[in-house]
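Computed from heavy atoms alone, side chains included, the values below leave out hydrogens, waters and symmetry copies.
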Amino acid sequence: MRTSLIAGAAAGTLLAAGLAAPALAVEDGMAEVSVLHGIPDTPVDVYVDGANTIDDFQPGDLAGPLDLAPGTYEVALTATDAADDSDPVLGPIELTVEEGMSYTAVAHLDADGAPTVTPFGNDLSETAAGEGRLTVRHTAAAPAVDVWTDGEVLFENLSNPDEMMGDVPAATYGAAVSLTGETDPVLGPTDVEIQAGVNTIVYAWGSAEDGNLDLAVQTVDVHSAAPSEVQAGSYGYADQGGVPAIALIGGALALAGAAGIGLRYARR
């Protein structure tokens with residue numbers, strides 16, 4: 001095993017770059033790994049292969065991305081004053097990364113409120129020219145949710161620890177999250193910027209019962225097709241700027257999509 005930062009073994013595929021695609025999003029021969037801390041009120045140290053790799057990791061923090069050699073890593077989360085990883089609060093867990101893949105390992109609560117770790121594979125496949133990807137991940141101790149944009153349900157009945165995603169024109173979208181079948185938001189509404197050639201990943205984390213639901217936003221570069229022509233004008237949305245990922249682990253389970261833009265989505 002190699003000593004380095006945590007990684008995940010989630011399924012996923014890397015689309016080979018064509019002549020119109022930019023350089024690979026992941027360094028050749030390596031894997032790209034980020035770690036999200038989504039367990040409320042629980043600062044931890046993160047040990048990897050017995051070494052304290054992330055000290056005093058706070059809820060709402062995002063670490064990485066780091067380029068790691070492919071392999072399997074043993075990860076344990078301990079109290080911040082622990083001398084070693086012999087008495088972990090979570091783990092040890094074996095997580096595996098593969099060459100050319102992008103991962104985010106999320107420490108979070110499952111649907112019943114128990115701490116767990118879910119590794120996600122981040123989709124790096126090519127987006128069309130002028131489009132970005134929106135991914136929404138449910139990692140909160142909460143019932144299934146609907147994701148809304150412009151007063152319409154975009155993603156329906158998303159449960160912990162599932163994800164949904166779709167490619168949309170680059171723009172800023174307003175979004176909100178409600179419990180499935182309800183209309184009052186439990187998160188949002190908020191604005192989320194979708195950039196061309198970027199996978200914007202939004203996480204819901206925390207606990208509905210404890211009243212500390214929050215969101216995190218992460219961005220991962222993907223392969224983007226070169227534009228075939230210069231497009232004039234815009235989609236009519238104001239540029240609100242990006243949502244910072246590291247201090248936010250909350251952002252807002254905001255999503256993209258608006259009626260009539262031909263959103264393509266998939267449930268994982």
Looking only at atom types and distance, does a side-chain atom of Tyr103 sit under 3.5 Å from a main-chain N or O of Val35, one as donor and one as acceptor? no

Looking only at the side chains, is there a donor atom on one of Thr104 and Gln218 sitting less than 3.5 Å from an acceptor on the other? yes

Which is it for Thr96 and Thr72 under the side-chain hydrogen bond (donor to acceptor under 3.5 Å, both in side chains) test, yes or no, and what are the steps along the way? CA-CA 4 Å; Thr96 301; Thr72 298; 2.9 Å; yes

Show the numbers, then the answer: is there a side chain to side chain contact (heavy atoms under 4.5 Å, CB included) between Val145 and Phe155? CA-CA 8 Å; Val145 299; Phe155 294 142; over 6 Å; no

Residues in side-chain contact (heavy atoms from CB on, under 4.5 Å) with Ser178, at least two apart? Asp146, Trp148

Quick one: CD on Glu131 to CD on Glu126, what's the gap to the nearest 0.5 Å? 10.5 Å

For residues Tyr203 and His138, determine if any side-chain heavy atom of one lies less than 4.5 Å from a side-chain heavy atom of the other. no

How many angstroms lie between CG in Leu179 and CG in Asn157, if you round to the nearest 0.5 Å? 11.0 Å

Quick one: do the His108 and Thr116 side chains pair a donor with an acceptor below 3.5 Å? no

Of the non-hydrogen atoms in Ala76 and Pro92, which two are nearest, and what is the gap between them? CB-CA, 4.1 Å

Quick one: closest heavy-atom pair of Pro43 and His37, and the distance? CA-NE2, 4.3 Å

If only atom types and distance count, is the side chain of Arg133 paired as donor or acceptor with the main-chain N or O of Asp123 below 3.5 Å? yes

Are Tyr47 and Thr53 packed together at the side-chain level, in the sense that at least one heavy-atom pair is separated by less than 4.5 angstrom? no

Determine, step by step, whether Tyr73 and Leu68 satisfy the side chain to side chain contact (heavy atoms under 4.5 Å, CB included) criterion, reporting the C-alpha distance in whole Å, the side-chain angles of both residues, the deciding distance to 0.1 Å, and the verdict. CA-CA 10 Å; Tyr73 301 83; Leu68 301 182; 3.8 Å; yes

Looking only at heavy atoms, which two atoms of Val222 and Val198 are closest? And how far apart? CG2-N, 3.9 Å

In terms of hydrophobic clustering (I, L, V, M, F, W, Y; side-chain heavy atoms under 4.5 Å; direct or indirect links), are Val186 and Val217 co-clustered? yes

Going only through I, L, V, M, F, W and Y residues with side-chain contacts under 4.5 Å, is there a path from Val220 to Met30? no

Mind running side chain to side chain contact (heavy atoms under 4.5 Å, CB included) on Val44 and Phe57 for me, showing each step along the way? CA-CA 5 Å; Val44 296; Phe57 197 31; 4.0 Å; yes

Going by distance alone, is a donor N or O of one side chain under 3.5 Å from an acceptor N or O of the other, for Asn199 and Thr135? yes

Does Glu74 reach the side chain of Ile93, with side-chain heavy atoms less than 4.5 Å apart? no

Give me the atom names and distance for the closest heavy-atom approach of Ser159 to Ala144. OG-CB, 3.4 Å

Of all heavy-atom pairs linking Gly100 and Val26, the shortest is O-CG2, 4.0 Å

Taking the side chain as everything from C-beta on, heavy atoms only, tell me whether Asp41 gets closer than 4.5 Å to Asn212. yes

Can you find a pair of side-chain heavy atoms, one from Ser34 and one from Leu62, that are under 4.5 Å apart? yes

Can you check whether Pro40 reaches Leu109 side chain to side chain, under 4.5 Å on heavy atoms? yes

Rounded to the nearest 0.5 Å, what's the gap from OG1 on Thr139 to CG on Asp110? Could you check? 11.0 Å

Do Glu32 and Asp67 have side chains that get closer than 4.5 Å, going by heavy atoms? yes

Only one of Leu187, Val147, Leu134 passes side chain to side chain contact (heavy atoms under 4.5 Å, CB included) with Val202; say which it is. Leu134

Nearest atoms (heavy-atom pairs only) where Gly174 meets Asp191: CA-OD1, 3.6 Å

Separation between CD1 (Ile194) and OG1 (Thr172), nearest 0.5 Å, reads 8.5 Å

Worked verdict on Val117 versus Leu90 for side chain to side chain contact (heavy atoms under 4.5 Å, CB included): CA-CA 8 Å; Val117 174; Leu90 184 60; 3.6 Å; yes

Without swapping roles, check the side chain of Asn160 against the backbone of Ala140 for a donor-acceptor pair under 3.5 Å. yes

Mind checking the CG-CG spacing from Leu124 to Asp221? Nearest 0.5 Å is all I need. 9.0 Å

Between atom CZ of Arg137 and atom CD1 of Ile201, what is the distance when rounded to the nearest 0.5 Å? 4.5 Å

